[in-house]
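Every chain is numbered from 1 and lettered A, B, ... according to where its sequence line falls, protein lines coming before strand lines.
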Amino acid sequence: MFVITLKDGVQKTFDDKVSVLDVAKSVSEGLARNACAGIQDGKLVDLRTMIDADCALTIVTFDNDEGKLAFRHTTSHIMAQAVKRLYKNAKLAIGPSIESGYYYDFDVETPFTQEELEAIETEMKKIVKEKLDIEKFELPRAEAIKLMEEQGEPYKVILIQDLPEDAVISFYKQGEFIDLCAGPHLLNTKDVKAFKLTSVAGAYWRGNENNKMLQRIYGTSFTKASDLQEYLDRIEEAKKRDHRKLGKELGLFAILDEGPGFPFFLPNGMILKNVLLDYWRKIHKRAGYDEISTPIMLDKDLWIRSGHWEHYSENMYTSMIDEKEFAIKPMNCPGSILAYQLERHSYRDLPKRMAELGLVHRHEKSGALHGLMRVRCFTQDDGHLFLMHEQIKDEVKRIIDLIDSVYNMFGFKYHVELSTRPEDSMGSDEAWNHAIDALRESLEDRKLPFVINEGDGAFYGPKIDFHLEDCLGRTWQCGTIQLDFQLPEKFDLEYIGSDGERHQPVMIHRVVFGSVERFIGILIEHFAGQFPLWLSPVQVIVLPISEKYHDYTETVVKALDGHGVRVSADYRAEKIGYKIREARNQRIPFIVVVGEKEQEDNTVSVRSRENGDEGPVALEAFVERLKGELDVNSLFKE
RNA sequence: GCUGGAGUAGCUCAGUUGGUAGAGCAACUGAUUCGUAAUCAGUAGGUCAGGGGUUCAAAUCCCCUCUUUAGCUCCA
């Protein structure tokens with residue numbers, strides 16, 4: 001006799017061993033029908049797993065992440081089975097489920113085409129219709145290798161050989177298809193109701209660019225066709241919002257063949273950028289930062305001293321000046337350090353907060369470039385802080401609050417990750433652990449949940465990364481807070497303590513936007529080009545009905561312009577519908593139509609982006625309304 | 001950088017099996033002076049990304065380079 005404790009605390013007693021599925025059935029038929037897997041004492045298990053002892057058990061369905069994992073993993077096996085049926089010589093590599101679906105890597109002679117993908121999908125549908133039972137079995141190592149050799153799957157053999165000696169080697173079998181797999185999986189192929197193969201791309205065996213490139217097919221699957229459609233619609237929506245498309249349409253930026261990865265900011269984009277920077281300067285001034293600017297290009301010896309040359313030179317551009325080598329900065333820290341060293345610092349002046357909107361250049365691989373999101377030249381909204389050890393936690397918390405206030409301003413949700421020491425790094429383990437602890441404690445004090453990102457820190461120190469989530473649920477890494485004991489050491493930084501002695505300060509590197517360019521790209525997609533009023537490059541456009549009202553149009557423009565509203569007018573001899581259409585396509589928040597009535601009554605007819613035609617309103621009242629919505633102090637308050 | 005896709009007028013795109021380039025919008029000119037998502041007519045605009053090759057003939061076939069794109073790798 002044993003007791004199984006379910007998720008809601010309910011305990012069930014069984015006399016004989018039971019499967020997870022049976023436990024689900026004992027709760028309800030509905031749960032059994034929807035169940036995808038189980039979590040037994042924190043471990044993800046099959047529905048077919050037999051239980052014969054006390055344990056905690058949660059039954060998971062597609063609504064849980066773990067259930068999705070099992071469901072999609074099974075879909076990936078169905079895909080692999082279909083591929084094997086259509087391509088006898090295809091070799092299987094790996095095929096896991098991922099956040100939005102699943103993939104499987106195949107070694108095939110020629111890459112799959114779109115048409116072939118459709119044929120594979122058709123075959124998958126057949127497999128689902130065949131209602132194949134999915135069975136699990138385990139084999140000892142030698143037999144497992146033998147089986148995979150017989151099946152002609154060299155990659156699977158390698159995978160087994162790399163498993164620990166004591167590992168249980170499990171396989172799943174559906175019809176004629178057998179795959180090495182830890183599971184869990186559904187019980188039958190019939191349950192995979194709605195799926196789609198989304199794309200095909202090359203991917204290196206084991207993610208190493210020195211290995212052979214395999215062909216990876218991506219797909220997604222759902223329990224309901226309507227959910228699949230919703231997902232596909234969301235992808236379509238994301239395409240419509242693509243910042244590269246909107247950037248062109250709205251005249252924000254351009255990236256030309258003459259400068260791959262080097263964006264041009266066009267007039268509207270420049271306004272947007274400057275508004276963001278104005279905002280940034282205001283909040284940083286208030287947070288106690290002093291803004292500086294350091295050179296784009298500095299002596300190579302500086303970069304050798306800072307360690308950048310050793311750890312980052314692959315990404316650095318260089319140039320010769322009078323037979324001396326200079327490097328174009330990929331980061332702003334060495335410049336800030338030189339600025340810090342220009343004067344003596346007392347403990348009374350710490351933390352010393354230096355801010356810099358630094359233009360950095362990094363040689364990114366050509367294949368990595370992507371609109372404004374990944375460029376070779378960008379502006380970091382950098383901050384370098386020099387402080388005493390005992391100030392670390394307080395200061396980190398202040399920065400967390402600053403970043404939090406900025407992301408809230410734009411309506412972003414976010415999560416944080418704590419990245420630890422990478423392989424290519426400098427400094428002692430002790431210093432690293434101390435720094436990691438300080439960051440962890442700050443996060444805990446702020447009650448911010450975080451995940452650990454093992455080995456993803458910068459080469460000079462660990463970091464907190466802020467991943468913000470846009471309105472389509474996509475995440476972007478933007479802000480980071482990096483703690484650094486290495487550069488102060490390398491540059492012999494010091495301050496005079498209360499004891500009159502020299503001490504070494506700690507350094508914090510931090511960004512809020514991350515990259516101004518990337519942040520703008522994210523904003524474009526987040527708002528689908530419909531920026532909030534304060535960010536809109538053009539806030540109001542005035543449209544005269546005809547030439548007769550040009551004078552009054554000018555009056556309206558002047559009235560608005562006089563209050564700092566970014567206003568333009570369309571004096572072309574076009575019909576009003578035409579001008580409205582263009583203004584709407586430009587996502588201008590307020591369209592103001594003026595004609596005979598408005599001129600006589602000193603009013604404007606307002607058409608807002610959100611509500612459409614709002615009818616006439618006194619010009620003064622409209623000015624007051626905009627003044628209210630644009631009140632800088634209300635925008636920038638905590 | 002790697003693998004696949006793509007590059008035709010300012011933009012969005014057509015262009016059959018190789019036979020010598022086209023539409024809509026935008027621009028320009030003229031007319032229209034108009035009330036809430038496209039007024040009409042006309043004009044101009046392209047070494048078909050660049051270079052090389054095959055051919056009587058190349059936007060179309062082949063090779064190289066550049067750019068771009070989906071991913072991989074890397075990353076703010």
### Task
Could you check whether R510(A) gets within reach of a base, just the sugar-phosphate, or nothing at all, counting any heavy atom under 4.0 Å?
nothing
### Query
Base, sugar-phosphate, or nothing: which does F112(A) touch, judged by heavy atoms less than 4.0 Å apart?
nothing
### Message
If you count heavy atoms of other groups shown closer than 6.0 angstrom to CD of E99(A), is the number above 12?
### Response
no
### Message
Categorize R216(A) for me: base, sugar-phosphate, or nothing, with a 4.0 angstrom heavy-atom threshold over every strand shown.
### Response
sugar-phosphate
### Task
Return the value, rounded to whole Å, for the distance between atom OH of Y218(A) and atom P of A70(B).
13 Å
### Query
Quantified in whole Å, what is the P atom distance between nucleotide A23(B) and nucleotide G5(B)?
31 Å
### Message
By nearest atom, which of the nucleotides U33(B), U3(B), A27(B) is closest to the R572(A) side chain?
### Response
A27(B)
### Message
At 4.0 Å (heavy atoms only), tell me whether V375(A) reaches a base, stays on the sugar-phosphate, or touches nothing.
### Response
base
### Task
Check if the side chain of R374(A) and the base of C74(B) share a donor-acceptor pair of N or O atoms closer than 3.5 Å.
yes
### Task
Would you indicate, yes or no, if A38(B) has its OP1 or OP2 atom less than 4.0 angstrom from a side-chain nitrogen or oxygen of R584(A)?
no
### Query
Want to settle it: does G577(A) or C478(A) sit nearer the 5' end of RNA chain B, counting the closest nucleotide to each?
G577(A)
### Query
Who is the Watson-Crick or G-U wobble partner of G42(B), with both distances under 3.5 Å?
C28(B)
### Query
Y578(A) side chain N/O closer than 4.0 Å to the phosphate oxygens (OP1, OP2) of A26(B)?
yes
#### Entry: Backbone N/O of Q482(A) and side chain of R510(A): donor-acceptor pair under 3.5 Å
no
### Task
Return the value, rounded to whole Å, for the distance between atom CG of D105(A) and atom P of G71(B).
15 Å
#### Entry: Of the listed nucleotides U67(B), A76(B), U32(B), the one nearest the side chain of R518(A)
A76(B)
### Query
So does R581(A) get a side-chain nitrogen or oxygen closer than 4.0 Å to the phosphate oxygens (OP1/OP2) of A26(B)?
no
### Message
With rounding to the closest Å, how many angstrom separate the P atoms on G46(B) and G30(B)?
### Response
22 Å
### Query
Would you say the base of G35(B) and the side-chain of S546(A) have a donor-acceptor pair closer than 3.5 Å?
no
#### Entry: Euclidean distance for C1', G45(B) against A26(B) (whole angstrom)
11 Å
### Task
Name the pairing partner of C66(B), where a pair is Watson-Crick or G-U wobble with both distances under 3.5 Å, or state none.
G7(B)
Between the protein and nucleotides 45-47 of chain B, list every N/O to N/O distance that falls short of 3.5 Å.
none

#### Entry: Nearest-angstrom distance from the residue atom CG of L117(A) to P of G5(B)
14 Å
#### Entry: R206(A) CZ - U73(B) C1' separation (whole Å)
16 Å
### Message
Within the 3.5 Å criterion, strictly below it, is a donor on S336(A) or H384(A) matched to an acceptor on the partner's side chain?
### Response
yes
#### Entry: Modelled atom types, side-chain donor and acceptor of D278(A) and N274(A), under 3.5 Å
no
### Message
Considering only residues two or more places apart or on different chains, which pairs with a residue in residues 585-599 of chain A satisfy side-chain hydrogen bond (donor to acceptor under 3.5 Å, both in side chains)?
### Response
E598(A)-S605(A)
### Task
Remember a base hit wins even if backbone is also touched, and classify E596(A) as base, sugar-phosphate or nothing at under 4.0 Å, heavy atoms.
base
### Task
Fit a plane to each ring of F410(A) and F527(A), take the angle between them on a 0 to 90° scale, and name the class: parallel (under 30°), tilted (30 to 60°) or perpendicular (over 60°).
tilted
### Summary
When rounded to whole Å, the CG to C1' distance for the pair L214(A) and C2(B) reads 12 Å
### Message
Classify G367(A) by what it touches in the nucleic acid, base, sugar-phosphate, or nothing, heavy-atom distance under 4.0 Å.
### Response
base
### Query
Does the side chain of K248(A) get closer than 4.0 angstrom to OP1 or OP2 of U12(B) through an N or O atom?
yes
### Between U65(B) and A59(B) - P atom distance, rounded Å
22 Å
### Query
What nucleic acid atoms does E249(A) come within less than 4.0 Å of, heavy atoms only: base, sugar-phosphate, or nothing?
nothing
### Task
Under 4.0 Å between any heavy atoms, over every strand shown, what does K548(A) touch: base, sugar-phosphate, or nothing? Just pick one.
sugar-phosphate
### Query
If you check every side-chain atom of R607(A), which of A70(B), C2(B), U36(B) has the closest atom?
U36(B)
### Query
Which whole-number value in Å describes the distance from E582(A) CD to A37(B) P?
14 Å
### Task
Tell which nucleotide pairs with C72(B), taking only Watson-Crick or G-U wobble pairs whose two distances are both under 3.5 angstrom.
G1(B)
### Within 45° cone and under 6.0 Å: R216(A) NZ/CZ vs Y103(A) ring
yes
### Query
What does E547(A) touch in the nucleic acid at a heavy-atom separation under 4.0 angstrom: a base, only the sugar-phosphate, or nothing?
base
### Message
Can you see whether D465(A) engages S419(A) through a side-chain donor-acceptor pair at a distance of less than 3.5 angstrom?
### Response
yes
### Task
Would you please confirm or rule out a distance under 4.0 Å between OP1 or OP2 of A76(B) and any side-chain N or O of K463(A)?
yes
### Task
Considering non-hydrogen atoms only, spot the tightest contact between Y460(A) and D484(A) and give its length.
O-OD1, 3.3 Å
### Task
Quickly work out the Q586(A) CD to A38(B) C1' distance and round it to whole Å.
15 Å
#### Entry: Given A37(B), U67(B), U73(B), the nucleotide with the shortest approach to the side chain of I580(A)
A37(B)
### Query
Is any side-chain N or O of H370(A) closer than 4.0 Å to OP1 or OP2 of A70(B)?
yes
### Message
Hydrogens and angles aside, do S515(A) and Q380(A) bring a side-chain donor and acceptor to less than 3.5 Å of each other?
### Response
no
### Query
What's the closest nucleotide to the K575(A) side chain, out of G35(B), A76(B), C34(B)?
C34(B)
### Message
Is the terminal nitrogen or CZ of K273(A) (NZ for Lys, CZ for Arg) located under 6.0 angstrom from the six-membered ring centre of F265(A) and within 45° of that ring's axis?
### Response
yes
### Task
Identify which nucleotide among G35(B), G71(B), A76(B) has an atom closest to any side-chain atom of M213(A), counting heavy atoms from C-beta outward.
G71(B)
### Query
Base, sugar-phosphate, or nothing: which does V511(A) touch, judged by heavy atoms less than 4.0 Å apart?
nothing
### Donor-acceptor pair present, E598(A) side chain and G35(B) base, under 3.5 Å
yes
### Residue whose nearest RNA chain B nucleotide is more 5′ - I591(A) or Q477(A)
I591(A)
### Message
For a 4.5 angstrom cut-off between non-hydrogen side-chain atoms, does I158(A) reach W205(A)?
### Response
yes
### Query
OP1 or OP2 of U3(B) sitting under 4.0 Å from any side-chain N/O of K212(A)?
no
### P-based separation of A37(B) from U43(B) [nearest Å]
32 Å
## Note on the structure
Taking a pair to mean Watson-Crick or G-U wobble geometry with both distances below 3.5 Å, U16(B) pairs with none
### Query
Which part of the nucleic acid does D613(A) contact within heavy-atom distance under 4.0 Å: base, sugar-phosphate only, or nothing?
base
### Summary
Side-chain atoms of A203(A) come closest, of C72(B), A70(B), C34(B), to C72(B)
### Message
Taking the minimum atom-to-atom distance to the side chain of A201(A), which one of A70(B), U33(B), U36(B) wins?
### Response
A70(B)
### Query
Rounded to whole angstroms, how far apart are CD1 on I576(A) and P on U39(B)?
11 Å
### Task
Report which part of the nucleic acid N585(A) touches: base, sugar-phosphate, or nothing (heavy-atom distance under 4.0 Å, all strands).
base
